[in-house]
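Here is the structure we will look at, set down as structure tokens.
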Amino acid sequence: MMEFNDIMQINLTDLDLDVYENLKIVEDVKGFIRQQQLYNAAIKEIRTKLEILDEEFQVQYDHNPIHHIEYRLKSPKSILQKLKKKDLDISMSSVRENLMDVAGVRVICNYIDDINSIANLLIGQDDITLIEKRDYITHPKENGYRSLHLIVAVPIFLAEKTEKIPVEIQIRTIAMDFWASLEHQLKYKSREDISEELRQRLKNCADSITQLDMEMYEIHQEIAVGKDRQTS
Ligand code: GTP
Ligand code: MG
């Protein structure tokens with residue numbers, strides 16, 4: 001990531017701008033960096049909340065629902081591309097109002113029932129506001145894509161005010177993540193649209209993965225019940 005100091009080292013006088021334009025660029029850059037800091041803070045808050053939930057599950061139920069967490073801040077280039085694609089105003093207030101996925105967190109769960117447990121516990125927290133929920137597990141996309149998508153707003157407490165920042169959270173199992181990662185790579189590699197036959201084969205893979213997720217879940221349940229019987 002470009003640091004603030006790197007940006008300040010660009011010699012603005014070389015850009016052949018007048019004083020007013022120089023000042024405006026510096027203000028814009030400062031504002032942009034400030035905004036990126038807010039989104040970074042929101043990612044940290046969500047990660048911490050998720051880690052605390054995972055640890056609590058470990059202590060209470062001897063089970064970690066979360067396999068691992070990934071996160072990313074949308075790059076300035078992707079932000080601009082998305083604003084242009086959607087024909088939106090190019091400004092920071094436009095980013096704040098229209099783009100809900102500048103801060104992104106992906107939660108990879110072990111078992112299919114862990115997804116709703118984690119989602120509901122997170123949404124239930126007092127300081128979290130649910131903005132949107134898209135359940136591509138109950139209703140998978142036509143290509144076979146499955147995941148639970150949440151957009152939540154989390155408060156960031158600053159020195160003088162509190163800002164509510166949106167974060168897109170994708171929650172999925174290891175198996176769903178395996179399919180989505182490879183499908184994403186294949187789409188990216190093929191450049192043009194893939195044939196109907198390949199599309200169908202990818203969909204078949206998604207169906208097999210759904211079966212595997214169910215079977216692994218059931219095996220886990222049976223082992224857990226067996227363990228409970230032994231200890232009670
Ligand atoms: P955006 O304008 O991109 O936000 O579109 P949307 O809001 O209609 O998208 P949605 O919320 O359904 O999905 C957003 C994100 O989910 C994408 O950026 C991907 O990370 C992931 N995603 C959605 N559909 C697919 C898919 O078919 N394959 C893969 N691999 N990922 C997907
Ligand atoms: Mg979206």
Side-chain angles (χ1 to χ4, degrees), residues 43 46-47 49-58 60-72 74 100-101 103-125 128 130-152 166-229:
I43 290 177
I46 296 292
R47 283 178 57 203
K49 283 175 177 294
L50 291 164
E51 280 163 14
I52 290 172
L53 285 173
D54 192 50
E55 281 160 21
E56 190 195 346
F57 261 73
Q58 176 57 42
Q60 287 240 341
Y61 309 110
D62 195 22
H63 166 63
N64 286 101
I66 299 176
H67 183 266
H68 70 280
I69 300 172
E70 297 168 2
Y71 53 94
R72 67 106 182 86
K74 210 176 186 70
M100 295 294 123
D101 64 345
V105 175
R106 187 173 286 158
V107 189
I108 321 301
C109 290
N110 286 313
Y111 296 99
I112 197 160
D113 64 324
D114 294 328
I115 295 173
N116 277 324
S117 309
I118 288 292
N120 293 337
L121 288 169
L122 187 72
I123 295 167
Q125 297 189 1
I128 293 281
L130 179 64
I131 299 176
E132 187 187 289
K133 181 174 180 175
R134 288 197 200 178
D135 188 347
Y136 296 125
I137 296 173
T138 315
H139 306 286
K141 282 200 172 177
E142 216 174 282
N143 63 359
Y145 176 77
R146 290 185 310 139
S147 273
L148 181 65
H149 289 191
L150 306 176
I151 293 169
V152 301
V167 180
E168 181 181 275
I169 310 175
Q170 301 178 350
I171 316 178
R172 45 170 83 147
T173 60
I174 304 171
M176 293 173 194
D177 189 52
F178 161 70
W179 185 93
S181 303
L182 298 190
E183 189 260 1
H184 179 78
Q185 276 181 33
L186 291 171
K187 247 191 329 209
Y188 188 76
K189 272 206 183 117
S190 74
R191 295 213 180 102
E192 55 209 79
D193 275 350
I194 56 172
S195 69
E196 189 48 43
E197 190 232 331
L198 287 177
R199 211 187 297 272
Q200 189 55 51
R201 282 168 66 188
L202 271 171
K203 173 74 168 55
N204 294 346
C205 288
D207 292 342
S208 307
I209 276 169
T210 307
Q211 289 292 316
L212 285 179
D213 257 339
M214 290 308 295
E215 179 63 359
M216 291 302 282
Y217 164 70
E218 279 164 21
I219 292 170
H220 177 244
Q221 284 294 96
E222 284 187 29
I223 289 175
V225 170
K227 226 165 86 182
D228 273 358
R229 280 213 197 98

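Reckoned from all heavy atoms, side chains included, excluding hydrogens, waters and symmetry mates.
Contact annotation: the side chain of Ile66 never approaches that of Asp114 to less than 4.5 Å [non-hydrogen atoms, C-beta and beyond]. In this structure, Ile137 and Asn116 have side chains that are not in contact, with every pair of non-hydrogen atoms separated by 4.5 Å or more. For the pair Asp54/His68, no side-chain contact is recorded, criterion being any heavy-atom separation below 4.5 Å from C-beta on. Side-chain contact between Ile112 and Met176: present, with at least one pair of heavy atoms (C-beta onward) separated by less than 4.5 Å.
Residues forming a side-chain contact (heavy atoms from CB on, under 4.5 Å) with Leu186 (at least two apart in sequence, or on another chain): Leu202. The ring-ring contact (aromatic ring centres under 6.0 Å, His included) test applied to His220 returns His63, Tyr111, not counting sequence neighbours. Looking at residues two or more places apart in sequence or on another chain, you find no ring-ring contact (aromatic ring centres under 6.0 Å, His included) involving Phe178. Evaluation of the side-chain hydrogen bond (donor to acceptor under 3.5 Å, both in side chains) rule for Glu56 yields no partner, not counting sequence neighbours. Contacts of Lys141 classified as side-chain contact (heavy atoms from CB on, under 4.5 Å), with partners at least two apart in sequence or in another chain: Tyr136, Asn143, Tyr145.
Of the residues listed (Gln170, Met100, Lys133), the one engaging His149 in a side-chain contact (heavy atoms from CB on, under 4.5 Å) is Gln170, and it is the only one. None of Leu122, Ile123, Ile151 except one satisfies the side-chain contact (heavy atoms from CB on, under 4.5 Å) rule with Ile169; the exception is Leu122.
For the atom pair CD1 (Ile115) and CG (Asn120), the distance works out to 11.5 Å, reported to the nearest 0.5 Å. To the nearest 0.5 Å, atoms CG (Leu150) and CD1 (Ile46) are separated by 9.5 Å. To the nearest 0.5 angstrom, Ile174 atom CD1 is 11.5 Å from Ser181 atom OG. Within the model, atoms CD1 of Ile219 and CG of Leu212 stand 9.5 Å from one another, a figure rounded to the nearest 0.5 Å.
Summarising the geometry of Leu148 relative to Asp135, their closest heavy-atom pair is CD1-CA, 3.7 Å, with the distance given to 0.1 Å. Nearest approach of Asn64 to Gln58, heavy atoms of both residues: OD1-OE1, 2.5 Å. Listed here is the closest heavy atom pair of Ala103 and Pro166: CB-O, 3.8 Å. Across Glu70 and Asp177, no two heavy atoms sit closer than the pair OE2-OD2, 4.4 Å. Between Ala206 and Gly144, the shortest heavy-atom contact is CB-O, 3.6 Å.
More than 12 heavy atoms of other residues, nucleotides or ligands sit less than 6.0 Å from atom CZ of Arg72.
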Note to self: Set out, in order, the CA-CA distance, both residues' side-chain angles and the distance that settles side chain to side chain contact (heavy atoms under 4.5 Å, CB included) for Leu121 and Phe57, then state yes or no.
What the structure shows: CA-CA 11 Å; Leu121 288 169; Phe57 261 73; 3.4 Å; yes
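Judged by distance alone, with hydrogens and angles left aside, the side-chain atoms of Asp113 form no donor-acceptor pair with the main-chain N or O of Tyr217 at under 3.5 Å.
Listed by first and then second residue, the salt bridge (Lys or Arg N to Asp or Glu O under 4.0 Å) pairs that reach into residues 205-217 are Arg146-Asp213, Lys203-Asp207, sequence neighbours excluded.
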